[in-house]
Amino acid sequence: MLRCLLNRAAARLMSERQLDKTYDPKQVEERWYQVWIDRGYFRASVTHPGRPYCIVIPPPNVTGSLHVGHALNNSLQDILIRWRRMQGRNVLWMPGTDHAGIATQNVVERQLLAEGTSREALGRERFLQRVWEWKAKAGDTIIQQLKRLGASCDWDRLRFTMDEGLSKAVREVFVRLYEDGLIYRGERLINWCPRCLTALSDIEVEHEDIRGKMYYIRYPLADDPGTALTVATTRPETMLGDTAVAVHPEDPRYRHLIGKAVRLPLTTRDIPIVGDTILVDLEFGTGAVKITPAHDFNDFEASERHGLPRISLLTARAQMDDIGLQEAQADPSLNLALKSVHQARTIVVEALRERGFLTKVEDHKMAIGKCYRCKTVVEPFLSPQWFVKIKPLAEPAIKVVEDGRIRLIPEAWVNNYLGWMRDIKDWCISRQIWWGHQIPAWYCTSCNREHIVRSGRAVGTTAEGGRLPEITKWNYTLAQGAQPVVAKSVPTRCPDCGGQEFVQDPDVLDTWFSSGLWPFSTLGWPDETPELKTYYPTSTLVTGLDILFFWVARMIMMGLKFTGDVPFRDVYIHALVRDAEGQKMSKSKGNVIDPLHMMERYGTDALRFTLASMASPGRDIKLSEERIEGYRNFANKLWNAARFILMHLDGPREDISAAARSFPDRWILSRLNFAIRSVTQELEHYRFDRAASRLYHFIWHEYCDWYLEMVKPFLQHNDSVDARRTRHTLVETFETVQRLLHPFMPFITEEIWQTLPHEGESLVIQPYPEERPDWDSKDTEHAFGILEQCVTTTRTARALLNYPPGKPVAFFAWGSYEREGQILETLQGLVAHLGRGVVQVLPFDQWPSSNVLRLAAEGLTVGMVVEGDVDLQKALARISRQRAEGAAEVQRLEAKLKNVEFTSNAPPDVVAEHQGRLKVLQRDQAVLLSSEEQLCAIMRRRAP
RNA sequence: AGGCGGAUAGCUCAGUCGGGAGAGCGCUGCCCUUACAAGGCAGAGGUCACAGGUUCAAUCCCUGUUCCGCCUACCA
């Protein structure tokens, strides 16, 4: 015990001179990242040699904070980027942030609320100033966190979606689309968030199933109140806005009623009965459908088909609107004005019931839409909005994916993408918020006409409501505090009426409008910059599937339209990160794994490696802290391998020809080459998980568990030829390992690499390992297989029999001496070293020789077949025969064996069960095993 | 409602020629062997969801069923 402690103390003294015993990420990461930045390794230049390789970062919200989804997304990008950089490509990783319109505005509005004020109170200009201030303050956070993650972006090129350059691109795109007739303004039914007070596009609405109710309401015929049509609805409060009832023209129940009218309950209005094949499903409900054009998308379309009026019952805050109620001729005694939708429903249902119109209420499963930013229930809302006519843009975007000019990885998403694109609806791009790119549309105050210009400058404000063009009144009324700004300079003169004053549209563009331009706007478009020429189309896009439609689809459409080329070649789509239970991470559930906390605790490399190893295609990632801990241990393992190697490097190194290399050296080079080949292949196929797993297995199990163990005897005598050569291979292989692993674990590999003998100033710019066919050695790997079996067999037998660790074990092999036997003989030293204790290798065909028996008499004896074609039954028969014929010597020795018995007849079931497997039978039976097919011999320890 | 994905060890998951059932974590036993106890060695543990079919042979291919997840969606 004492000796052990002393040994450990001595070892610690020795090692502390070089590296600490455990890897401490903290003091390594910051230091190296600063060096990399200072030396400009991440800087891209169009003049760099090498084929361009470019990734544009999915820009995170400028005021956001790094969550685990970012960590995954950016770890994978950094792996690709570092790998390609080391391969000598001209690499650009373009970083940037997104202004994230609604999300950011909401954040600042919450701050204002806490201060007891509001954006309306501040007014548009001061509010925007406030957001810019917040952006200046918080905008750096996410960037610093990405740096912490090791992201090797070219930070000098950092862009923001509301930069002047990018804003210019946005206006240019808007104008060109307008000129091409692909942008239009119109009063349409859109999705409206009554909390954010803005329109949303279709995909910004999240659907959620709820248990609702279906209400059946009688609509009496106007000319025959005794007869009634019964309609079914889930939203009875909107019935006041009905402007027709539809039935199927082939429905025998109702077809004779088409053209007649019903008296709408709770109102004094008569509304027509129309025939409609699209809206009405004969099988569903009662077969009669109320048409409420201002509050339902289908009904809106039906109203277009039949030329029906639209009555909007709701205010922007989703309250019952006084004017709308009057228009609907609703019974004033109901007192619905300014009641919420929910209250209105109660009132209307109660009134219908009292007056005998409500015939039935039943449970009904239905879906409601919620705002993706604030989860408020959205309302279909009639309002003037800007739209992009999307079909002409979608068609080429479908084609490039069909053609394979853009590859989606995994391919499973192709169908999803195509299906969505083929069914795509016009894109509502106007938002009634303030934070974003204001729409470059100006209205003449005299004639109301709109003018779209590339640049417009406001020169004076007016509070005169009278000066507002009719066309913008709704928008300005809604945006209280947004003072109309009059422009006298641009456009200079209204071409239609000669008017000289203009008011800009107060709305801003959907955030995704500007991020849709990201791949080319960040490279300088619309100018023909060298960057654009060099790096566009970009190479790979790495993104989560949650923004496939929001962002990726728009980039493809915009890229094709404005550059005539695809924005990227490959789209790698990774999964969502969930918690260990598979739940979506959210702050409210409290199941968030904070990547910053993980980096702090386990090191950035461990986090990155975890995320990479879990990035299997087609499955969500269930992240757990234990997993990260496991890879922290992996980093530590690597670290200690480095310590071991450094500890043995004091001494000369000698390069030698391949032929003269030692067995362990030849073996590890062959395995290393295999690792290089597979890691590279897996990366080319975006199989980060497999690449990571190969690295893990190679480094831990092949390199550390076997190679470093095998090498120890070679290093015993410091100046020996063996030691000199081994040192050379140690450096050669371990340096290669650092390069191979660097894209995954950039920090620890740099730290280790710098302490190894090396050429060059940083691992970041070293070449990535390439295949070395001359390192391949099938023979060596075959021999290693035999060695491994011998060693494992010995250890297994020893463990199961509780055989003392230090006591010798005899080992004998069964096979042809010329082949495997000879191999084993040459590896005797290694078998002895790895198998612990004294091991003798004997050709098995001498068995039972006196040598073997002598060993057996002394202790545990292990034998195995090393050649595949031994017939078990025959072999066992031979053993019996030899014993029966009985060399006197054999019998004499056998008699001496107190506790070991040789069994010449393996039980048939044992043979059947264990044939071909390296396996020990039972606790009291030692042995023995096989190479490929055959069980070989069984020794039984007698019970004491 | 449609589409897609998944179901393999206690847990999380690999397994893309149709022939060997695997890894990590967890668990059990032994071991502080001079790189590493965040370690080493060994071990237990599976009807590859279910039912059919094709085949000499199926975790893998086909059909159907069940359960879970996701995406899309205008059934009032």
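We name chains A, B, ... by the order of the sequence lines, and we start the count at 1 in each one.
B/A57 and B/C70: their C1' atoms are spaced 36 Å apart (whole Å). B/G3 and B/G45 have their C1' atoms separated by 38 Å, given to the nearest Å. Rounded to the nearest Å, the gap between the P atom of B/A7 and that of B/U59 is 15 Å. Atom P of B/G69 sits at a distance of 14 Å from the matching atom of B/C13, rounded to the whole Å. To the nearest whole angstrom, the two P atoms, one in B/C62 and one in B/A1, are 25 Å apart. For B/A51 and B/C32, the P atoms lie 50 Å apart once the distance is rounded to whole Å. One P atom belongs to B/A23, the other to B/G43, and the distance between them is 11 Å to the nearest Å.
By the side chain to side chain contact (heavy atoms under 4.5 Å, CB included) test, A/N718 pairs with A/R727, sequence neighbours left out. In this view, A/D242 and A/K290 satisfy the salt bridge (charged side-chain N to carboxylate O under 4.0 Å, His left out) rule, not counting sequence neighbours. Remark: A/R554 engages no residue in a salt bridge (charged side-chain N to carboxylate O under 4.0 Å, His left out) (not counting sequence neighbours). Partners of A/R690 by salt bridge (charged side-chain N to carboxylate O under 4.0 Å, His left out), not counting sequence neighbours, listed by chain and number: A/E682. With sequence neighbours excluded, the residues satisfying side chain to side chain contact (heavy atoms under 4.5 Å, CB included) with A/T230 are A/Y216, A/R218, A/T286, A/T359.
At distances below 3.5 Å, not a single donor-acceptor pair connects side-chain atoms of A/H306 with backbone N or O atoms of A/L308.
A/F634 comes within 4.0 angstrom of nothing in the nucleic acid, heavy atoms only. Nucleic acid contact class of A/H295 (heavy atoms, under 4.0 Å, all strands): none.
With salt bridges taken as basic N to acidic carboxylate O contacts below 4.0 Å, none links A/K26 and A/D24. Between A/E625 and A/R601 there is a salt bridge, with a side-chain nitrogen of the basic residue lying less than 4.0 Å from a carboxylate oxygen of the acidic one. Taking 4.0 Å as the cut-off between side-chain N and carboxylate O, A/R305 and A/D276 count as a salt-bridged pair. Using a cutoff of 4.0 Å between basic side-chain nitrogens and carboxylate oxygens, A/R235 and A/E237 are scored as salt-bridged. With respect to the salt-bridge test (charged N to carboxylate O, under 4.0 angstrom), the residues A/D363 and A/K213 qualify.
Rounded to whole Å, the distance from CZ on A/F698 to P on B/A23 is 19 Å. Distance A/I748 CD1 to B/A38 C1': 12 Å, rounded to the nearest Å. Look at CG on A/L418: it is 16 Å from C1' on B/G2, rounded to the nearest Å. The distance between atom NE2 of A/H833 and atom C1' of B/U34, rounded to the nearest whole Å, is 12 Å.
Where pairing requires Watson-Crick or G-U contacts shorter than 3.5 Å, the helical stems of RNA chain B with at least three consecutive pairs are B:1-7 with B:66-72, B:10-13 with B:22-25, B:27-31 with B:39-43, B:49-53 with B:61-65.
Only one option out of A/Y707, A/W700, A/W706 pairs with A/Y703 in a ring-ring contact (aromatic ring centres under 6.0 Å, His included); it is A/Y707.
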Enumerate all atom pairs, one protein N or O and one N or O from nucleotides 15-20 of chain B, separated by less than 3.5 Å.
residue : atom : partner : partner atom : Å
B/G15   : OP1  : A/R687  : NH1          : 3.4
B/G15   : OP1  : A/R687  : NH2          : 3.1
B/U16   : O4   : A/R687  : NH1          : 2.5
B/U16   : O4   : A/R690  : NE           : 3.4
B/U16   : O4   : A/R690  : NH1          : 3.4
B/U16   : O4   : A/R690  : NH2          : 2.6

Pairs under 3.5 Å (N/O, protein and nucleotides 72-76 of chain B):
residue : atom : partner : partner atom : Å
B/C74   : O4'  : A/N298  : ND2          : 3.3
B/C74   : O2'  : A/N298  : ND2          : 2.4
B/C74   : N1   : A/N298  : OD1          : 2.9
B/C74   : O2   : A/N298  : OD1          : 2.8
B/C74   : O2   : A/N298  : ND2          : 3.2
B/C75   : O2   : A/D281  : OD2          : 3.1
B/A76   : OP2  : A/H364  : NE2          : 3.1
B/A76   : O2'  : A/A232  : O            : 3.2
B/A76   : N6   : A/D281  : O            : 3.3
B/A76   : N6   : A/F284  : O            : 2.3
B/A76   : N6   : A/G287  : N            : 3.4
B/A76   : N1   : A/D281  : N            : 3.2

All N/O pairs under 3.5 Å across the protein-nucleotides 7-9 of chain B interface:
residue : atom : partner : partner atom : Å
B/A7    : OP1  : A/R619  : NH2          : 3.4

Under 3.5 Å, N/O pairs linking protein and nucleotides 59-63 of chain B:
none

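Ring geometry for A/W192 against A/F381 counts as tilted: the plane angle lies between 30° and 60°, on a 0 to 90° scale. Ring geometry for A/F634 versus A/Y696: interplanar angle of 30 to 60°, hence tilted. Aromatic ring pairs are classed by plane angle as parallel below 30°, tilted from 30° to 60° and perpendicular above 60°; the pair A/F549 and A/W420 is parallel.
Within the structure, a side-chain polar atom (N or O) of A/R795 is placed less than 4.0 Å from OP1 or OP2 of B/A42. A/K712 has a side-chain polar atom (N or O) that falls below the 4.0 Å cut-off from OP1 or OP2 of B/A35.
Distances were taken from every side-chain heavy atom of A/N640 (C-beta onward) to each of B/A35, B/A37, B/G40; the shortest belongs to B/A35.
Under 3.5 Å, the side chain of A/R632 and the base of B/A38 form at least one donor-acceptor pair of N or O atoms. No hydrogens or angles were tested; on distance alone, a donor-acceptor pair under 3.5 Å links the side chain of A/K637 to the base of B/C36.
Of all the residues in residues 241-251 of chain A, not one reaches under 4.0 Å from RNA chain B with any non-hydrogen atom.
Within the structure, salt bridge (Lys or Arg N to Asp or Glu O under 4.0 Å) pairs that include any residue of residues 701-710 of chain A comprise A/R671-A/E702, A/R694-A/E702, A/E709-A/K712 (at least two apart or interchain).
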